[in-house]
Amino acid sequence: MTPTTVLTIAGSDSGGGAGIQADLKVFAALGAYGTSVLTAVTAQNTRGVDAVLPLPPRTVTEQLDSVLTDFAVRAVKTGMLGTPAVADAVAEAAKAGRLPHLVVDPVLVATSGHRLGVVAAVERLLPYARVATPNCAEAAALTGRPVTTVEEMVAAAQALAAGGPEFVVVTGGDVDAAGESVDVLAGGTTTTLLRAPRVDTRHSHGTGCSFSAAIAVRLAAGDPVPVAVATAKEYVTRALTGARGWELGAGRGPLDHFGWSR
């Protein structure tokens, strides 16, 4: 049986915990064939980002053309876009209907605090997104309002969903809601709170990338958005739990994408 093909458009992470590398691990772990378009090369590890080299928009477009003219891509996720010019190149493909079930992870700041993108670049893609997955800091940057509580997450998700994406998930990994990890899914007239036990771990590098990649895999498989998002949250919770005792690097380590610690 031929596997379903999913595409990631993102930057690289030389430490392997986030970006293109994390996305491809998630695709493989969940049974999809991963293809990739690189937007930037980063020098980073679990302690932080040391350097970023954005790729030219033409190079991004050439990669897109190579993948999309040969593979039957069923879903696409974007991560780090780097520059508005690269975002424009990706948005042109989305506008032309070439990026099905588009999941936009608006990567603006790395877990370490290093800035990896600009709001203007992310905003170019939001109108074409099936799902957007900002964390609280990204939702605050996109809405221009504080997002530090579950109530503010609800307001931000609803505001962003009203402005373009079909669905928005504001992820609450940085908000301690009485020992729970709460994400807010908004779309149409419905807003849902997704709850899971908070995982006590410092190894959270690549959580957002992994979450959005898992959503893309489930959308490619035909799941409705609410089911895809819930399944992705369950996957990330397992991956966080599995890596709690790992000692990969001296900083915030990666997730257990393949369930090695079961």
Which heavy-atom pair separates L38 from L55 by the least distance, and what is that distance? O-CD1, 3.3 Å

Side chain to side chain donor-acceptor pair (under 3.5 Å) involving S181 - partner list, sequence neighbours excluded: K233

Under 3.5 Å, side-chain donor or acceptor atoms of residues 210-231 against the rest of the protein: list the pairs with distances, not counting sequence neighbours.
residue : atom : partner : partner atom : Å
S210    : OG   : G206    : O            : 2.8
S210    : OG   : H257    : NE2          : 2.8
S212    : OG   : K77     : NZ           : 2.9
S212    : OG   : G208    : O            : 3.1
S212    : OG   : C209    : O            : 3.0
R218    : NE   : D223    : OD2          : 2.8
R218    : NH2  : D223    : OD1          : 3.3
R218    : NH2  : D223    : OD2          : 3.2
T231    : OG1  : V227    : O            : 2.8

Applying side chain to side chain donor-acceptor pair (under 3.5 Å) to N45 and not counting sequence neighbours gives none

Run the side-chain contact (heavy atoms from CB on, under 4.5 Å) test on V168 and V131 for me, step by step, so that the C-alpha distance in whole Å, both residues' side-chain angles and the decisive distance to 0.1 Å come before the verdict. CA-CA 5 Å; V168 173; V131 186; over 6 Å; no

If I take atom CG from residue L126 and atom OG1 from residue T78, how far apart are they, to the nearest 0.5 angstrom? 8.5 Å

Note: with side-chain heavy atoms under 4.5 Å as the link, the other cluster members for L248 come out as W246, F258, W260

Tell me, please, which residues at least two apart from Y33 pass ring-ring contact (aromatic ring centres under 6.0 Å, His included). F71

On a heavy-atom basis, which atom in G251 and which in T46 lie closest, and how many Å separate them? N-OG1, 2.9 Å

If I take atom OG1 from residue T171 and atom CG from residue N135, how far apart are they, to the nearest 0.5 angstrom? 5.0 Å

Mind checking side chain to side chain contact (heavy atoms under 4.5 Å, CB included) for R244 and listing every partner two or more places apart, or none if nothing turns up? V199, T201, T241

Would you sort out whether Y235 and V26 count as a side-chain contact (heavy atoms from CB on, under 4.5 Å), showing the intermediate values? CA-CA 9 Å; Y235 168 76; V26 173; 3.8 Å; yes

Apply salt bridge (charged side-chain N to carboxylate O under 4.0 Å, His left out) to E180 and list each qualifying residue two or more places apart in sequence or on a separate chain. R195

Distance-minimising heavy-atom pair for M153 and D183: CE-CA, 4.2 Å

Exercise answer: donor-acceptor pairs, residues 96-107 side-chain atoms, under 3.5 Å, sequence neighbours excluded:
residue : atom : partner : partner atom : Å
R98     : NH1  : D65     : OD1          : 3.0
R98     : NH2  : D65     : OD1          : 3.3
H101    : ND1  : R130    : NH1          : 2.8

Do you know the tightest heavy-atom contact between T42 and D13? OG1-CA, 3.7 Å

Would you confirm whether T39, through its side chain, and M80, through its main-chain N or O, come within 3.5 Å as a donor-acceptor pair? yes

Check: T5 side chain, V73 main-chain N or O, donor-acceptor pair, under 3.5 Å: no

Heavy-atom donor-acceptor pair, Q21 side chain to G17 backbone, under 3.5 Å: no

Contacts of T191 that satisfy side chain to side chain contact (heavy atoms under 4.5 Å, CB included) - sequence neighbours left out: V154, Q158, V184, A186

Polar side-chain atom of S204 near backbone of T207 as donor-acceptor pair, under 3.5 Å: no

Please answer whether the main-chain N or O of A89 pairs with a side-chain N or O of E92 as donor and acceptor at a distance below 3.5 Å. no

Check against side-chain contact (heavy atoms from CB on, under 4.5 Å), V182 and L194: CA-CA 6 Å; V182 179; L194 303 172; over 6 Å; no

Shortest non-hydrogen separation from A250 to R47 and the atoms involved: CB-CD, 4.0 Å

What I want to check is whether the side chains of D256 and H203 have a donor and an acceptor closer together than 3.5 Å. no

Sequence-distant partners of R238, side chain to side chain donor-acceptor pair (under 3.5 Å), two or more places apart: none

P54 vs V52 side-chain heavy atoms within contact, under 4.5 Å: yes

Please report the closest heavy-atom contact between A10 and D23, naming both atoms and the distance. CB-OD2, 4.1 Å

Could you list the residues that satisfy side chain to side chain donor-acceptor pair (under 3.5 Å) with E62, not counting sequence neighbours? R58

Which residues satisfy the side chain to side chain contact (heavy atoms under 4.5 Å, CB included) test with A159, sequence neighbours excluded? R145

Would you compute the distance between atom CG of L160 and atom OG1 of T133 and round it to the nearest 0.5 angstrom? 11.0 Å

Contact between R124 and D88 at the side-chain level, heavy atoms closer than 4.5 Å - yes or no? yes

For the CD atom of E152 and the SG atom of C136, what is their distance to the nearest 0.5 Å? 9.0 Å

Run V67 and L7 through side-chain contact (heavy atoms from CB on, under 4.5 Å) and show every step you take. CA-CA 8 Å; V67 172; L7 167 65; 4.2 Å; yes

Atom OG1 in T237, atom CZ in R198: separation rounded to 0.5 Å? 10.5 Å

